[in-house]
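Just the heavy atoms: all of them, side chains too, but no hydrogens, waters or symmetry mates, feed the values below.
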Amino acid sequence: AAGLAAAGALDALTNKDASGGLRAALGQGIDAAVGRLGVADGFLGNPKVAIPLPPALDKIDRTLRRFGMGGEADKLKVAMNHAAEAAVAESRPILKDALKRMTVADAKAILTGGDDAATRYFQNATSETLRTRFRPIVANATAKLQVAALYDQYAGKAAQFGLIKSEDARLNEYVTQKALDGLFLVMADEEKAIRKDPLGQASSLIKKVFGALH
C-alpha cells in the first residue's frame, strides 16, 4: 500500500521533476560518499568499512614474525586500507556517468523501490567498471609492500583448505572487493539519510520529489 501511495504521489510530479530531483539528490550522495572514503583514513578511520585481514589469517602476524617481519601484518592492514581510499577517490566519474544514464523509468523505480534502491541501481550499473578501475590502483599501492607476495602465499594455502573464499586469497582482489563493499555501504547510508529527511536537503527540487513520498 505504501508503494502504491508513493507511486500515486509521484504521478503528480512531472517526469522532469522526478528524474531531476533524484539526480540532484544522488549527485549529493555520490559526492558525500566519495568525500568520506576517498581521503586519508577514510577507510582506516571508519570502523564500518575498515578492511581487516581475512578471519582465517588472524594469525598471520605470528607467522610473519617467524620470517623476521615483526608487525608487518599491521602495516599490511594500514596499506590495504590506504589502497582502498586511493581507489575510491577515483570512483566519482564512473558513478556520475551512471547517474547521467539514468532514465525516467529508472528514476521512478528508484523513488518507490525502498531505502537502498538507488544504491542497488549503482551496484548493477557500475560494479564491474569500478572493479576494473580499482584493480590497477590497488595493485600499484600494494606493489610497494614487501609483504604482498607473502600474503598471497599464505592466503592461497588457506583457500586450498576452504578456510577463505578463493577471491580473498589474492591481496589485490580482496582489497578491491572490500573497497567496493565500503563504497556502496556508505552510499546506502547517504541514500537513507536523504530519504529520511528530504526537507533537510539544500535543493528545493529534492524536497519536492522526496517530500512527495512522505
Distance, nearest 0.5 Å, that separates CD of Gln177 from CG of Asp181: 4.5 Å
Least distance between heavy atoms, Thr176 atom then Arg131 atom: CG2-CG, 3.8 Å
Rounded distance [0.5 Å steps], CD in Glu173 versus CZ in Arg135: 4.5 Å
No-hydrogen, no-angle side-chain donor-acceptor test under 3.5 Å, Asp106 and Thr103: yes
Where Met80 and Leu53 come nearest, the two heavy atoms and their spacing: SD-CD2, 3.8 Å
Test item: Leu26 and Phe122 side chains (from C-beta on) under 4.5 Å apart, heavy atoms: yes
Leu130 side chain reached by Leu183 side chain, heavy atoms, under 4.5 Å: yes
Interatomic distance, Asn172 atom CG to Ile137 atom CD1 [nearest 0.5 angstrom]: 12.0 Å
Pairs flagged by salt bridge (Lys or Arg N to Asp or Glu O under 4.0 Å) wherever residues 41-50 is involved - sequence neighbours left out: Lys48-Asp189
Let me check something: any side-chain donor-acceptor pairs from residues 86-96 under 3.5 Å, sequence neighbours excluded? List them with distances.
| unit_1 | atom_1 | unit_2 | atom_2 | d |
| --- | --- | --- | --- | --- |
| Ser91 | OG | Val88 | O | 2.7 |
| Arg92 | NH1 | Asp31 | OD1 | 2.8 |
| Lys96 | NZ | Asp31 | OD1 | 3.2 |

Intermediate values then yes/no, side chain to side chain contact (heavy atoms under 4.5 Å, CB included), Thr112 and Lys108: CA-CA 6 Å; Thr112 59; Lys108 289 204 170 185; 5.7 Å; no
Side chains of Thr129 and Arg133 in contact at under 4.5 Å (non-hydrogen atoms): no
Test item: Leu171 and Leu76 side chains (from C-beta on) under 4.5 Å apart, heavy atoms: yes
pair Gln123-Met187: side-chain heavy atoms closer than 4.5 Å: no
Asp115 side chain reached by Glu191 side chain, heavy atoms, under 4.5 Å: no
Any Thr126 side-chain heavy atom under 4.5 Å of Phe184 side chain: yes
Spacing of NE2 belonging to His82 relative to CZ belonging to Phe43, to within rounding of 0.5 Å: 12.5 Å
CG-CD1 distance between Asn46 and Ile51, expressed to the nearest 0.5 angstrom: 11.0 Å
Residue pair Gln28 / Glu190, side-chain heavy-atom distance below 4.5 Å: no
Same apolar cluster (I L V M F W Y, side chains within < 4.5 Å links), Val175/Val78: no
ILVMFWY network linking Leu185 to Val34, side-chain heavy atoms under 4.5 angstrom: yes
